[in-house]
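Given the structure is predicted, the values throughout are model-derived calculations rather than measurements.
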Amino acid sequence: TQAISGEIVLQNLLETMINLVLENAGGKKGYLLLAHELSDTETNWTLEVIAHAGGPIETSSSPVSFETETRFPVNIIQTVIHTKAPVVLANASIESQFSNNEYIEQFQPKSVLCLPIVNRGKLSGIIYLENESTIGAFTKDHLNIVQLLSTQTAISLENAKLYANMEERVIARTQDLREANEKLTQLATIDSLTNSLNRRHFLERSKQEIERALQHKRTGIVIMMDIDDFKQVNDTYGHAVGDEAIRQVASISKSNLRECDLFGRMGGEEFAILSPDITLEAGLKLAERIRLSIKQTPIEILKASFQITVSIGITVITQDHDTIEQLLQLADKGLYQSKELGKNRVTAYTGER
């Protein structure tokens with residue numbers, strides 16, 4: 001009973017239980033079934049453990065269908081379920097009440113002991129033992145021992161199930177917490193409208209990329225981009241359409257970028273890009289490709305269809321301009337030059353005369 005009460009993990013408890021029962025009751029083969037109460041009138045059963053004296057233990061947790069079951073004598077198990085009383089047979093093959101069972105006819109077991117596991121009046125399991133070679137193997141003393149062990153098992157079963165449920169709740173709560181943390185991280189780093197980096201996170205990531213580029217003497221470019229005449233879009237079509245225009249600009253821009261490129265929404269209709277390991281010449285081609293893609297893709301919302309354009313400023317990472325703040329200022333100057341020159345264009349600004 002100490003060995004059984006010391007087990008809190010369900011599978012370990014069942015294996016310990018069946019081993020102790022076989023050892024102390026003189027059985028050659030043992031089965032342990034568990035009840036799973038679905039409602040006041042419906043219970044499912046599973047065969048949890050099959051054990052052989054001195055041999056291996058099979059743990060299956062397989063569903064039991066009493067209509068088709070052939071692994072044990074169903075009529076004996078059902079009798080114990082209905083009566084909640086043990087059945088002890090000295091020679092099962094000649095006991096008229098059970099001898100017509102298919103299992104008994106095929107395997108011809110001699111001694112059989114089957115008893116319920118009951119806790120506070122509720123049937124929680126069944127122990128089935130047999131000795132196929134000895135008649136009258138299970139004595140009254142054996143029955144008393146198994147009943148004693150089954151009583152302790154019933155209590156330990158309830159504790160193990162509570163422990164398993166608690167573990168499941170901890171796992172579920174941990175998963176919920178992980179998902180909540182991921183959501184908080186996303187809210188803290190991602191712009192909800194465009195699913196791009198928000199301003200703060202873009203600046204943090206860009207700082208790391210610039211430090212890496214300068215350390216390894218690599219090139220890189222920074223782009224500032226602004227939707228042209230965006231106020232007119234909002235005034236004409238409404239803010240919902242304006243939001244869709246912002247989403248589309250972000251989507252088109254990201255489709256032209258590499259995985260290593262950073263794309264962030266800096267606020268309103270303004271965006272920034274940091275593209276490492278490319279030259280200013282390659283950056284100009286990238287910016288021009290984005291500008292043309294946006295211009296050539298109409299915004300279509302319900303009955304509205306219109307085109308938008310963007311103005312872009314671009315600069316290059318250098319030893320003289322080595323912070324993201326400096327680079328954004330330079331790219332921003334290029335952006336305003338694009339606006340002054342008529343919008344819908346790309347202008348490079350490096351700060352050099």
Are F202 and L274 side-chain neighbours, meaning at least one heavy-atom pair lies under 4.5 Å?
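Touching, per the 4.5 Å side-chain cut-off.
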I'd like to check E270 versus D332 (side-chain heavy atoms, cut-off strictly below 4.5 Å). Are they in contact?
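The answer is yes; the side chains approach within 4.5 Å.
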Exam field: side chain [X] to backbone [Y], donor-acceptor pair closer than 3.5 Å:
X    : Y    : value
T83  : A85  : yes
D261 : R258 : yes
D322 : T318 : no
R218 : L214 : no
T279 : A282 : yes
E244 : A240 : no
T315 : Y349 : yes
T43  : A35  : no
S293 : I252 : no
D226 : S311 : no

Presence of salt bridge, K207 and E209, under 4.0 angstrom:
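Judged by the 4.0 Å cut-off on N to carboxylate O distance, E209 and K207 do not form a salt bridge.
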Does D243 come within less than 4.0 Å of R247, counting only side-chain N to carboxylate O?
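The answer is no: the pair does not qualify as a salt bridge.
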How far apart are the closest heavy atoms of [X] and [Y], and which atoms are they?
X    : Y    : answer
L123 : K84  : CB-CE, 4.2 Å
T347 : S338 : OG1-OG, 2.7 Å
C114 : I76  : CB-CG2, 3.8 Å

Under the side-chain hydrogen bond (donor to acceptor under 3.5 Å, both in side chains) rule, what do N91 and S93 come out as? Steps first, then yes or no, please.
CA-CA 6 Å; N91 191 345; S93 59; 2.8 Å; yes
I'd like to know whether D320 forms a side chain to side chain contact (heavy atoms under 4.5 Å, CB included) with Q326, so could you lay out the CA-CA distance, the side-chain angles of the two residues, the decisive distance to 0.1 Å, and finally the verdict.
CA-CA 9 Å; D320 293 329; Q326 287 177 317; over 6 Å; no
Between Y128 and E130, is the side-chain hydrogen bond (donor to acceptor under 3.5 Å, both in side chains) condition met? List the steps.
CA-CA 7 Å; Y128 172 84; E130 68 178 45; 2.6 Å; yes
Side chain to side chain donor-acceptor pair (under 3.5 Å) with D191: which of N195, T189, T194?
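Answer to the side chain to side chain donor-acceptor pair (under 3.5 Å) test with D191 among N195, T189, T194: T194.
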In terms of heavy-atom contacts, does NZ of K28 have more than 12 from other residues, nucleotides or ligands at under 6.0 Å?
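Not buried by this count: 12 neighbours or fewer within 6.0 Å.
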Within a radius of less than 6.0 Å around CD of E288, do more than 12 heavy atoms belonging to other residues, nucleotides or ligands occur?
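Count over threshold, so yes.
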side-chain hydrogen bond (donor to acceptor under 3.5 Å, both in side chains), that's the test. Do T236 and N234 meet it? Break it down for me.
CA-CA 6 Å; T236 304; N234 276 337; over 6 Å; no
Taking the ring of F306 and the ring of Y237, is the distance between their centroids below 6.0 Å?
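Centroid distance Y237-F306: below 6.0 Å, so yes.
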